[in-house]
Amino acid sequence: MDTHTPAFPPSAAQAHARLARFVPHAGVAYSRRRNFDLGAEDHSNVSTLSPYLRMKVLDEADVSRAVLAQLDAREADKLLTEVWWRTYWKGWMEQRPSVWSAYRDDLTRLHNEVQTQSGLRARWEAACLGHTGIAPFDHWAQELAQTGYLHNHARMWFASIWIFTLGLPWQLGADFFLRHLLDGDAAVNTLSWRWVAGIQTQGKTYLADADNIAQFTEGRFVGVTGLAPSAPPVPAPPLPPRRDISRLAPYTGAPSDRAGLLLNSDDLMPPDLAKIGVTPVSTAYFDGTALQSPWHTAPMISTFRKALACDIAPDVELLANVQSITYWAKAQQLDQVIIPHTPVGPVRTALRAAFQTSGIPITEVRREIDSAAWPLATAGFFKFRKHIPDLLARFAGHRPSS
Ligand SMILES: Cc1cc2nc3c(=O)[nH]c(=O)nc-3n(C[C@H](O)[C@H](O)[C@H](O)COP(=O)(O)OP(=O)(O)OC[C@H]3O[C@@H](n4cnc5c(N)ncnc54)[C@H](O)[C@@H]3O)c2cc1C
């Protein structure tokens, strides 16, 4: 297991190696120690696999299979629950896309308010730069900006202090994370911030507490003062109604069609094209990281994602912006473009708009695991959780011992 700063090599082989190194620690050690934030120099008690899971270089099946090959399902329960929790958030958002669009609308308004209201701008800047005077908060703001990663407990404390102690809008905090996290994800990040704010599980908030911070940072931050004593839920509209996840149209190209494959910053792994009988004549990568925020995103995110794309598909053509997708398709004389299905988020919005304008037919291919798991996120996580054994049986070949 890595014992120091988890630098993230942009390599699929390294992602699998990191998983293999972590598996022996994924049982009792993980469940006992996973809540400790030991500092930027030592995240060895957690997997630090999230940037690879985010880009689909690894998926839930890869992690579940690797873990269950060495550990009993009961021992691995905590880790598997976390891994499938991510899937749950993805499926939940897929069935309520208006939650993402409402967040983006709020952010447009707040972007304007930050430009025009000097008091808000000063408080927001101090929080983003780690200049608030709250030592652990300032440390986490800087750790995130420097490394692109934060431990889960630090994310919870940070979000709580942002909302309840500093009194800043949760949407600006979610945006700060999306501008810096290597694993920043439209669904997981937005819904986690909503959860801390008491909007997601309505009425249930998360309050950062000085004793809890001291205990779970092993004394790195003792006697923190000035934290909010209570966390009243942030007022918000009720949850929108659920809608079914749309079925995707099958590939209808002719065998003679020139098809291109468009990997993107939501999914770097080519879908199983043999299943639809297509051999792409060209592969491109569209990096939509900049679309994640109205402000600049940290360059390390795009650098990491592009390098990972080149590692996976060495002949890949890197597309700088949405407009270059059409140039690529025209230059390659493509009749069809195949895209790994993009989940709710800015990349989906941009790609669909680009292809509507260009008139080039696209086929989106959704992974079987997503098609099976996402529709199960109909209500709370505990309902979803009951399906995990079936998902493990189907996608990780796991048969529970009697
Ligand atoms: C406010 C806030 C914002 C967050 N934003 C993101 C985000 O943008 N992208 C993201 O991937 N995760 C996000 N998380 C969830 C979680 O913090 C990270 O997934 C985790 O810290 C990644 O580190 P790891 O790979 O070492 O996790 P491990 O503890 O090793 O867990 C293994 C995997 O399980 C999944 N996972 C773990 N914890 C959670 C969780 N609480 N919710 C959902 N999935 C989880 C991740 O894919 C992770 O890689 C957020 C949590 C909070 C509280």
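- Residue pairs meeting the salt bridge (Lys or Arg N to Asp or Glu O under 4.0 Å) criterion with at least one partner in residues 265-277, sequence neighbours excluded, are Arg54-Asp266, Asp267-Arg367, Lys275-Glu368.
- Under the 3.5 Å distance criterion, with hydrogens and angles disregarded, a donor-acceptor pair is assigned to the side chains of Ser324 and Asn321.
- Checked by atom type and distance alone, the side chain of Thr363 never pairs as donor or acceptor with a backbone atom of Tyr251 at under 3.5 Å.
- A tilted orientation is assigned to the rings of Tyr103 and Trp100, their planes being inclined by 30° to 60°.
- The CG atom of Asp185 sits 8.5 Å away from the CD atom of Gln292 when rounded to the nearest 0.5 Å.
- With Thr48 contributing its side chain and Ser44 its backbone, the two residues share no donor-acceptor pair below 3.5 Å.
- A donor-acceptor pair is defined here as one N or O able to donate and one able to accept, closer than 3.5 Å; no such pair exists between the side chain of Arg243 and the backbone of Gln95.
- For CZ of Phe381, the number of neighbouring non-hydrogen atoms (other residues, nucleotides, ligands) closer than 6.0 Å is greater than 12.
- Judged by distance alone, the side chain of Asp257 and the main-chain N or O of Ala259 form no donor-acceptor pair under 3.5 Å.
- From Leu376, atom CG reaches atom CZ of Phe384 across 6.0 Å, with rounding to the nearest 0.5 Å.
- In terms of modelled atom types and a separation under 3.5 Å, the side chain of Thr190 and the main chain of Ala186 share a donor-acceptor contact.
- Rounding to the nearest 0.5 Å places CD1 of Ile213 at 11.0 Å from CZ of Phe137.
- Side chains of Trp157 and Asp37: a donor-acceptor N/O pair is absent below 3.5 angstrom, by distance only.
- Under the rule for a side-chain contact (heavy atoms from CB on, under 4.5 Å), the partners of Ala141 that lie at least two apart in sequence or sit in another chain are Phe158, Phe176.
- Ser302 and Asp287 make their closest contact through OG-OD2, 2.8 Å (heavy atoms, listed as atom of the first residue, atom of the second, distance).
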Are Glu60 and Thr87 close enough, and set up right, to give a side chain to side chain donor-acceptor pair (under 3.5 Å), and what steps lead you there?
CA-CA 8 Å; Glu60 302 87 335; Thr87 319; 2.9 Å; yes

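- In terms of heavy-atom proximity, Ala309 sits nearest to Val316 at O-CG1, 4.1 Å.
- Ring planes of Trp85 and Tyr88: perpendicular class, angle over 60° (limits at 30 and 60°).
- The shortest side-chain heavy-atom distance between Asn212 and Leu207 does not fall under the 4.5 Å cut-off.
- Residue-environment remark: CD (Gln356) stays at or below the threshold of 12 foreign heavy atoms within 6.0 Å.
- Between the side chain of Asn264 and the backbone N or O of Phe286 there is no donor-acceptor pair closer than 3.5 Å.
- A heavy-atom distance below 4.5 Å is found between the side chains of Trp92 and Val99.
- At least one donor-acceptor pair closer than 3.5 Å links the side chain of Asp335 to the backbone N or O of Arg258.
- Only one option out of Phe216, Phe36, Trp140, Phe221 pairs with His153 in a ring pair (Phe, Tyr, Trp, His ring centres under 6.0 Å); it is Phe216.
- The salt bridge (charged side-chain N to carboxylate O under 4.0 Å, His left out) check on Lys56 picks up Asp370, with sequence neighbours excluded.
- When all heavy atoms are compared, the tightest approach of Ala372 to Arg394 is CB-NH1, 3.5 Å.
- Side-chain contact check for Val365 versus Leu248: every heavy-atom pair is 4.5 Å or farther apart.
- Put simply, the side chain of Met300 does not reach to within 4.5 Å of the side chain of Phe304, judged on heavy atoms.
- Side-chain contact between Ser118 and Arg121 is present, with heavy atoms from C-beta onward closer than 4.5 Å.
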Could you list the donor-acceptor pairs under 3.5 angstrom formed between side-chain atoms of residues 337-350 and any protein atom two or more places apart in sequence or on another chain?
residue, atom, partner, partner atom, Å
His341, ND1, Glu364, OE1, 2.8
His341, NE2, Arg348, NH2, 3.3
Arg348, NE, Thr342, O, 2.9
Arg348, NH2, Glu94, OE2, 2.2
Arg348, NH2, Thr342, O, 2.9
Thr349, OG1, Gly345, O, 3.1

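- A donor-acceptor pair is defined here as one N or O able to donate and one able to accept, closer than 3.5 Å; no such pair exists between the side chain of His180 and the backbone of Thr147.
- Side-chain atoms of Tyr30 and Val67, non-hydrogen and from C-beta on, never get closer than 4.5 Å to each other.
- Contact between Leu261 and Pro271 at its shortest, heavy atoms only, is CD1-CD, 3.9 Å.
- The environment of Arg242 atom CZ is dense: over 12 non-hydrogen atoms of other residues, nucleotides or ligands sit within 6.0 angstrom.
- Distance alone, capped at 3.5 Å, places no donor-acceptor pair between the Gln14 side chain and the Pro10 backbone.
- In this structure, the ring of Trp89 has its center no less than 6.0 angstrom from the ring center of Trp195.
- Enclosure of atom CZ in Arg352 by more than 12 non-hydrogen atoms of other residues, nucleotides or ligands within 6.0 angstrom is indicated.
- Nearest heavy-atom pair across Pro9 and Ala7 is CD-O, 3.2 Å.
- Interatomic distance, CD of Gln70 versus CG of Leu68, reported as 10.5 Å (0.5 Å rounding).
- Of the inter-residue distances, the one linking Arg32 atom CZ with Asn45 atom CG reads 13.5 Å to the nearest 0.5 angstrom.
- Judged by distance alone, with hydrogens and angles left aside, the side-chain atoms of Thr132 form no donor-acceptor pair with the main-chain N or O of Ala126 at under 3.5 Å.
- Residues passing the side-chain contact (heavy atoms from CB on, under 4.5 Å) test with Pro233 are Thr205, sequence neighbours excluded.
- In this structure, CZ on Arg65 lies 10.5 Å from CG on Leu58, to the nearest 0.5 angstrom.
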Hey, can you pull the donor-acceptor pairs under 3.5 Å for the side chains in residues 166-175, sequence neighbours left out?
residue, atom, partner, partner atom, Å
Gln171, NE2, Asp106, OD2, 2.9
Asp175, OD1, Ser293, OG, 2.6
Asp175, OD2, Arg179, NE, 2.9

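- You'll find the side chain of Leu178 stays beyond 4.5 Å of the side chain of Thr297, heavy atoms only.
- Defined by atom type and a distance below 3.5 Å, a donor-acceptor pair is missing between the side-chain atoms of Ser192 and Arg155.
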